[in-house]
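Written out below as structure tokens is the structure these notes cover.
Since the model is a prediction, treat every value here as computed from it, not as a measurement.
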Amino acid sequence: MAPYFAPLTLKPSAGQRVRQRLGLPPASPPPAEVAQPNELQLAITAAIRAREKAMRQRLDALAKETSATTPAPKPAPPPNR
């Protein structure tokens, strides 16, 4: 038989105390309190997107270049036996 764990609702202050007694690290802040991205993060993200866009353009150009070349010759038929 599988163990049954009764759901316990704790006050927010009790939750931190329980985590400390169990030796767990402090809980991460709720999603509403997570800091918004700062200017550095936004600049890094913009630089990465610009590089990705440039790479996609190079790959597209390479694909067009390779598709525009003459097709490979058809393989010779197998010899008759």
Side-chain angles (χ1 to χ4, degrees):
M1 181 173 193
Y4 172 75
F5 297 99
L8 297 175
T9 305
L10 301 175
K11 294 195 282 185
S13 60
Q16 182 61 31
R17 186 172 298 138
V18 170
R19 291 184 69 83
Q20 286 176 340
R21 293 190 120 199
L22 292 174
L24 298 173
S28 58
E33 294 179 17
V34 174
Q36 295 297 321
N38 61 22
E39 290 180 30
L40 178 61
Q41 289 174 325
L42 295 173
I44 292 171
T45 302
I48 290 172
R49 289 194 176 140
R51 285 184 179 186
E52 288 175 345
K53 183 178 179 182
M55 185 179 290
R56 273 191 232 106
Q57 289 173 346
R58 286 194 303 270
L59 289 173
D60 289 344
L62 182 62
K64 287 180 184 178
E65 181 182 310
T66 55
S67 67
T69 60
T70 57
K74 293 182 181 179
N80 293 334
R81 293 186 186 194

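For the pair Asp60 and Gln57, the minimum side-chain heavy-atom distance is 4.5 Å or more. Pro26 has its side chain within reach of Gln16: a pair of non-hydrogen atoms, C-beta onward, lies under 4.5 Å apart.
With sequence neighbours left out, Glu39 forms a salt bridge (Lys or Arg N to Asp or Glu O under 4.0 Å) with no residue at all. With sequence neighbours excluded, the residues that form a side-chain contact (heavy atoms from CB on, under 4.5 Å) with Leu59 are Met55.
Grouping Ile, Leu, Val, Met, Phe, Trp and Tyr by side-chain contacts under 4.5 Å, direct or through others, puts Ile48 with Leu40, Ile44.
Listed for the Gln20 side chain is no donor-acceptor partner under 3.5 Å among the backbone atoms of Arg17.
Sequence neighbours left out, the pairs with a member in residues 44-53 that pass salt bridge (charged side-chain N to carboxylate O under 4.0 Å, His left out) are Glu52-Arg56.
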